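Have a look at the structure below, then the notes.
Everything numeric here is computed off the predicted structure, so don't read it as measured data.
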Amino acid sequence: MAKEVWKAGNMLYPVPAVMVTVSDGKGADNIITIAWTGTINSDPAMVSISVRKSRYSHELLTKNGEFVINLVTKDLTYAMDFCGVKSGKDIDKFEAMKLTKGKASTVNVPIIEESPVCIECKVKQVLELGTHDMFIAEVTAVLADEKYMDSSGRFNLNEANLVAYSHGQYYTLGENIGKFGYSVQKKK
């Protein structure tokens, strides 16, 4: 099989598509769409987001040092896209997209009530990387929508119809093709 050589670039797809809420801690709140986010540690729970230095949200994030990762469902995709192409300097994205600001439990940043999962984060380190800064943060709380809990207390996030981003396009997650460890699971 032949492969073409391309210049170095980011081709790691698909990635989560999320709305990150930020604030200056004094009432200037904003939503930024992020596809460059991920888990980086499990104990303590830590995540990272990468934000272009020229973005308004970068300024707010730097002032406050806190943010919330709000997971996106199919129903939130239009709002997510809008929040990624409009600047919070010019428009109140919560108002424009009719999103409900909620109160976080551990950070001074609003959550998006319509999101099935809101991950509250406090920045521990900032890595300056060129066009973007990576904000490494500890997860301080997770707020989960009760409508995805079943009668046994299990959280069924896969029923939320989450969205991923792949090479300029948004997709819902597809068919379940296995679970972690299925390749070595004993056959019955």
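Proximity of a side-chain donor or acceptor of E120 to a complementary backbone N or O of T106 within less than 3.5 Å is detected. Of the possible polar contacts, none joining the T172 side chain to the V163 backbone as a donor-acceptor pair under 3.5 Å is found. A donor-acceptor pair under 3.5 Å is formed between the side chain of K93 and the backbone N or O of I31. In terms of modelled atom types and a separation under 3.5 Å, the side chain of D145 and the main chain of Y148 share no donor-acceptor contact. Side-chain atoms of D81 do not come within 3.5 Å of backbone N or O of G84 as any donor-acceptor pair. Of the possible polar contacts, none joining the N156 side chain to the E159 backbone as a donor-acceptor pair under 3.5 Å is found.
The line from CE of M134 to CD1 of I40 is 7.0 Å long, rounded to the nearest 0.5 Å. Annotation: the span from K26 atom NZ to L60 atom CG amounts to 11.5 Å, rounded to 0.5 Å. Between I91 atom CD1 and M97 atom CE the span is 7.0 Å, to the nearest 0.5 Å. Rounding to the nearest 0.5 Å places CZ of R52 at 4.5 Å from NE2 of H132. A distance of 11.0 Å separates CD of E113 from CG of L99, quoted to the nearest 0.5 Å. In this structure, N70 CG and L76 CG are separated by 9.0 Å, a value rounded to the nearest 0.5 Å.
Under the 4.5 Å side-chain heavy-atom criterion for Ile, Leu, Val, Met, Phe, Trp and Tyr, Y170 and Y78 are members of the same hydrophobic cluster. Residue M80 is not grouped with residue V18 when hydrophobic side chains (ILVMFWY) are merged at heavy-atom distances under 4.5 angstrom, including chains of intermediate members. Hydrophobic clustering, with ILVMFWY side chains joined whenever heavy atoms are under 4.5 angstrom apart, keeps I136 apart from V126. Connection of V68 to V139 is not established within any shared hydrophobic cluster, with ILVMFWY side chains joined at heavy-atom distances below 4.5 Å, either directly or through further cluster members. Cluster annotation: V51 and I69 are assigned to the same hydrophobic cluster (Ile/Leu/Val/Met/Phe/Trp/Tyr, side-chain heavy-atom contacts under 4.5 Å, transitive).
When all heavy atoms of V15 and L12 are compared, the closest pair comes out as CG1-O, 3.2 Å. The two residues L71 and S115 come nearest to each other via the heavy atoms O-OG, 2.7 Å. Here the closest non-hydrogen pair linking P116 and F155 is O-CZ, 4.2 Å. Here the shortest heavy-atom pairing between E95 and D92 reads N-OD1, 3.1 Å. Considering all non-hydrogen atoms of both residues, T77 and K74 come closest at OG1-O, 3.0 Å. The nearest pair of heavy atoms linking I112 to C118 is O-SG, 3.6 Å.
Residue K122 qualifies as enclosed at atom NZ: its count of foreign heavy atoms under 6.0 Å is above 12. Heavy atoms of other residues, nucleotides or ligands lying less than 6.0 angstrom from NZ of K53 number more than 12.
Between N64 and V22 the shortest side-chain heavy-atom distance does not fall below 4.5 Å. A heavy-atom distance below 4.5 Å is found between the side chains of P110 and F94. Side-chain contact between L143 and I111 is present, with at least one heavy-atom pair separated by less than 4.5 Å. Counting heavy atoms from C-beta outward, S23 and N108 have side chains that stay 4.5 Å or more apart. V123 places a side-chain heavy atom less than 4.5 Å from the side chain of F67. Two residues are said to be in side-chain contact when any heavy atoms from C-beta on lie closer than 4.5 Å; Y56 and I32 fail this criterion. Counting only heavy atoms from C-beta outward, the side chains of T21 and D29 never approach each other to under 4.5 Å. Looking at heavy atoms from C-beta onward, V117 lies in side-chain contact with I119 at the 4.5 angstrom threshold.
Between H167 and Y13, the ring-plane angle classifies as perpendicular under the 30° and 60° cut-offs.
Side-chain polar atoms of T73 and D75 form no donor-acceptor pair below 3.5 angstrom.
Only one option out of N30, T33, T62 pairs with S57 in a side-chain hydrogen bond (donor to acceptor under 3.5 Å, both in side chains); it is N30.
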